[in-house]
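Attaching a single structure in structure tokens format; questions to follow.
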Protein chains: 2
Amino acid sequence: MPYCYAYARPALTVDCVVFGYDAEALQVLLIQRDLEPFIGKWALPGGFVRVEETLDDAARRELREETGLADLYLEQLYTFGALARDPRERVVSVAYYALVELFSHPVRAATDARDAAWFPVADTPPLAFDHADILAVAHARLRGKVRYQPIGFELLPEKFTLTQLQRLYETILDQPLDKRNFRKKILGMGLLVELDEVEQDVAHRAARLYRFDAATYRRLCERGFNFEL
Amino acid sequence: MPYCYAYARPALTVDCVVFGYDAEALQVLLIQRDLEPFIGKWALPGGFVRVEETLDDAARRELREETGLADLYLEQLYTFGALARDPRERVVSVAYYALVELFSHPVRAATDARDAAWFPVADTPPLAFDHADILAVAHARLRGKVRYQPIGFELLPEKFTLTQLQRLYETILDQPLDKRNFRKKILGMGLLVELDEVEQDVAHRAARLYRFDAATYRRLCERGFNFEL
DNA sequence: TTGACGTCGTGTAAAATAGACACTATGATG
DNA sequence: CATCATAGTGTCTATTTTACACGACGTCAA
């Protein structure tokens with residue numbers, strides 16, 4: 001035990017809530033633990049912060065190690081510090097969350113994880129630690145944020161139809177939206193680029209594809225832009 | 001050095017950004033450090049988290065010890081984990097923020113603090129550690145939050161005039177508001193109770209006093225209420 | 001080839017909300 | 001009783017939001 005201090009210190013961990021979307025439901029990425037405590041239970045990917053890495057780096061590293069996901073945009077969510085959230089000892093955890101497009105991000109279990117898989121947010125298995133609380137906070141934050149920042153696009157493939165986008169928003173906000181009003185509003189923002197392509201292999205009239213215009217978005221942001229639904 | 005661990009651990013601290021308002025400007029509570037490092041420098045109140053207390057408790061305790069303030073509504077802000085934010089060693093800090101009515105919260109320096117005082121947010125002395133960053137994040141959060149949650153009331157005395165409330169919002173948002181529209185909107189929410197009192201000792205027509213109706217607010221919140229400016 | 005099916009894509013009118021704007025009322029003071 | 005400072009109040013216009021329905025297009029199967 002070579003690391004000694006004058007006062008007791010809580011251990012410090014990070015946990016990641018990664019949301020995905022698969023045209024049906026909002027999903028969350030979980031790992032099946034291969035370590036005590038809660039061995040065999042499903043949990044959020046995460047682990048201990050090393051003393052020479054930042055919190056953001058630790059979150060990225062753990063996510064990569066345990067699930068194979070890399071290069072996500074992770075955002076800090078909240079820091080959980082209840083006394084008994086870990087049965088071993090006092091552990092404080094900084095939670096992060098991220099959004100990804102499901103199909104282009106295959107996951108694979110690795111270090112410390114027996115398995116890694118997507119689950120519908122509304123129907124997860126029982127989670128280890130206080131991870132159900134963390135997931136709930138993340139889900140609430142997602143619902144709140146999606147209204148005033150165009151983060152929904154992170155969850156879709158690069159090219160998408162307006163109907164896909166609308167379904168995504170309806171799923172996250174859990175309320176139906178009017179098709180014409182939705183299109184009017186979203187197109188009116190000028191953040192979508194209409195492509196010269198339509199979707200393929202559908203058994204009905206194919207819909208036009210669009211992509212998100214990140215450059216325009218950044219320009220608008222700097223002049224104080226607000227998204228609003 | 002009686003506390004030993006298998007891996008090195010960052011130290012964990014809390015820091016508190018307490019905003020006040022004095023009819024002139026938005027203020028922030030600072031302490032003058034009486035400990036190394038940065039002895040003599042101004043800083044946010046805060047300190048080490050004990051292993052047997054929650055983060056919220058640690059924030060409340062440090063604030064009480066260093067400034068005499070108690071019973072505030074503290075809200076977690078963000079966790080700062082840059083590698084070199086403390087010159088001694090790796091320290092991760094969970095920042096909190098709070099709003100108080102200045103005059104009814106006298107501050108006094110105590111433990112580890114040579115002095116405690118209010119400074120205008122726009123004109124603070126140089127701060128220790130990365131506390132200027134923390135203050136900036138807190139200020140941004142305050143500006144953002146004040147638009148959609150009625151937190152402004154925390155900064156005023158229990159009884160206040162509509163003009164005082166308007167000045168507060170103008171200060172936080174840093175933009176002028178129209179008197180009639182402001183009154184229309186704020187009264188239209190039904191969150192203010194008109195009192196049978198007017199302000200005293202003013203050299204002109206006295207304004208009616210109001211108080212915030214917290215009970216009604218809670219009721220509205222549960223049904224999904226949104227404040228909006 | 002043609003008809004049925006399913007989704008795509010589009011516009012308008014009514015209602016609600018936000019924003020601009022200026023004068024009278026009241027109480028204190030000299 | 002005139003002056004001063006702030007309190008308090010309403011209307012009109014512009015903008016935004018909401019509600020709402022049908023023809024176009026491509027696929028498929030008879």
Side-chain angles (χ1 to χ4, degrees), chain A residues 22-24 146-148 150 156-157 159-171 173-211 220 223-229, chain B residues 22-24 146-150 152 156-157 159-171 173-211 220 223-229:
Chain A
D22 76 347
E24 292 283 310
V146 85
R147 295 196 153 273
Y148 60 92
L156 290 175
K159 300 170 180 179
F160 50 84
T161 69
L162 291 182
T163 300
Q164 285 173 330
L165 186 63
Q166 184 179 342
R167 290 225 194 301
L168 168 64
Y169 274 84
E170 288 176 332
T171 301
L173 297 173
D174 197 28
Q175 63 174 316
L177 301 171
D178 178 84
K179 180 155 86 159
R180 279 176 291 192
N181 293 338
F182 179 81
R183 289 159 112 91
K184 209 188 314 172
K185 199 156 190 176
I186 213 89
L187 290 174
M189 293 175 187
L191 293 177
L192 295 188
V193 179
E194 183 174 333
L195 301 175
D196 279 335
E197 289 178 76
V198 294
E199 54 181 346
Q200 300 296 319
D201 303 318
V202 287
H204 51 79
R205 175 176 176 185
R208 161 137 291 144
L209 291 170
Y210 292 80
R211 68 172 175 78
L220 286 174
R223 308 180 182 192
F225 169 67
N226 91 314
F227 180 74
E228 266 304 310
L229 216 165
Chain B
D22 76 345
E24 292 284 310
V146 85
R147 293 195 153 277
Y148 60 92
Q149 292 204 354
L156 289 175
K159 300 170 181 180
F160 50 83
T161 70
L162 292 182
T163 299
Q164 286 173 330
L165 186 63
Q166 183 178 344
R167 291 227 192 302
L168 168 64
Y169 273 84
E170 287 176 332
T171 301
L173 297 173
D174 197 26
Q175 63 175 312
L177 301 172
D178 178 83
K179 181 155 86 160
R180 280 173 293 190
N181 293 338
F182 180 80
R183 290 160 110 92
K184 211 189 311 175
K185 199 158 191 176
I186 213 91
L187 289 174
M189 292 176 188
L191 292 177
L192 295 187
V193 179
E194 183 175 331
L195 301 174
D196 279 335
E197 289 178 74
V198 293
E199 54 181 348
Q200 300 297 318
D201 302 317
V202 286
H204 52 77
R205 177 177 174 185
R208 161 137 287 142
L209 291 170
Y210 291 80
R211 69 173 175 77
L220 287 173
R223 310 179 181 193
F225 169 68
N226 92 314
F227 180 73
E228 269 302 316
L229 219 164

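Residue numbering restarts at 1 for every chain, and letters A, B, ... go by the order of the sequence lines.
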Going by heavy atoms closer than 4.0 Å, what residues in residues 185-197 of chain A are next to DNA chain C?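 Heavy-atom contacts with DNA chain C come from no residue of residues 185-197 of chain A; none.
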Flag side-chain contact, heavy atom, 4.5 Å: Phe227(A) against Ile186(A):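 Side-chain contact under 4.5 Å: yes.
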Determine whether any donor atom in the side chain of Lys184(A) lies under 3.5 Å from an acceptor atom in the base of dT17(D), or the reverse, and answer yes or no.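 For Lys184(A), whose side chain was compared with the base of dT17(D), there is no donor-acceptor pair (under 3.5 Å).
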Which residues pass the side chain to side chain donor-acceptor pair (under 3.5 Å) test with Gln164(A), not counting sequence neighbours?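 None.
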With Leu220(A), which residues qualify under side chain to side chain contact (heavy atoms under 4.5 Å, CB included), at least two apart?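 Only Leu191(A), Thr216(A), Phe225(A) meet the side chain to side chain contact (heavy atoms under 4.5 Å, CB included) criterion with Leu220(A).
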Using the closest heavy atom to pick a nucleotide of DNA chain C for each, name whichever of Asn181(A) or Thr161(A) lands nearer the 5' end.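 The residue closer to the strand's 5' end, by nearest nucleotide, is Thr161(A).
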Just so I know, are the side chains of Leu209(A) and Val198(A) near enough to count as touching, which here means a heavy-atom distance under 4.5 Å?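 No; the side chains remain at least 4.5 Å from each other.
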Listing request: all salt bridge (Lys or Arg N to Asp or Glu O under 4.0 Å) pairs with a residue in residues 178-187 of chain A, at least two apart in sequence or in separate chains.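 Output for this query is empty, none listed.
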For a quick test of reading the model, state the closest non-hydrogen atom pair linking Val146(B) to Gly152(B) and the distance between them.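 Val146(B) and Gly152(B) have their closest heavy atoms at CG2-N, 4.4 Å.
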When rounded to the nearest 0.5 angstrom, what distance separates CG in Leu173(A) from CZ in Arg147(A)?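 The CZ atom of Arg147(A) is 5.0 Å from CG of Leu173(A), to the nearest 0.5 Å.
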Pairs in or reaching into residues 199-210 of chain A: which pass side-chain hydrogen bond (donor to acceptor under 3.5 Å, both in side chains), with residues at least two apart or in two chains?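 Of all non-adjacent pairs touching residues 199-210 of chain A, those that pass side-chain hydrogen bond (donor to acceptor under 3.5 Å, both in side chains) are Glu194(A)-Arg208(A).
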Taking atom CZ of Phe182(B) and atom CG of Leu187(B), what is their separation to the nearest 0.5 Å?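 One finds 9.0 Å between CZ of Phe182(B) and CG of Leu187(B).
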Using chain A heavy atoms and a threshold of under 4.0 Å, write down where along DNA chain C the contacts begin and end, 5' to 3'.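 From 5' to 3', the first and last contacting nucleotides are dG6(C) to dT12(C).
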Under 4.0 Å protein heavy-atom contacts per nucleotide of nucleotides 21-30 of chain D, with B for base, S for backbone only and - for none: B-BBBSS---
In whole angstrom, give the distance that lies between atom CD of Gln166(B) and atom P of dA7(D).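 Interatomic distance, CD of Gln166(B) to P of dA7(D): 9 Å.
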Going by the rule salt bridge (charged side-chain N to carboxylate O under 4.0 Å, His left out), which residues pair with Lys159(B) if we only count those two or more places apart in sequence or in a different chain?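 Salt bridge (charged side-chain N to carboxylate O under 4.0 Å, His left out) list for Lys159(B), sorted by chain: Glu197(B).
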From Thr163(B) OG1 over to Leu168(B) CG, what is the distance, rounded to the nearest 0.5 angstrom?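 That separation rounds to 12.5 Å.
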Just checking Arg208(B): base, sugar-phosphate only, or nothing, at a heavy-atom cut-off of under 4.0 Å?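 The residue Arg208(B) makes sugar-phosphate contact but no base contact.
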Please confirm whether the shortest side-chain N or O distance from Thr163(B) to OP1 or OP2 of dT6(D) is below 4.0 Å.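 No, no such contact exists.
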Take the protein atom CG of Asp178(B) and the nucleotide atom P of dG8(D), then report the distance between them rounded to whole Å.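 Rounded to whole Å, this separation is 15 Å.
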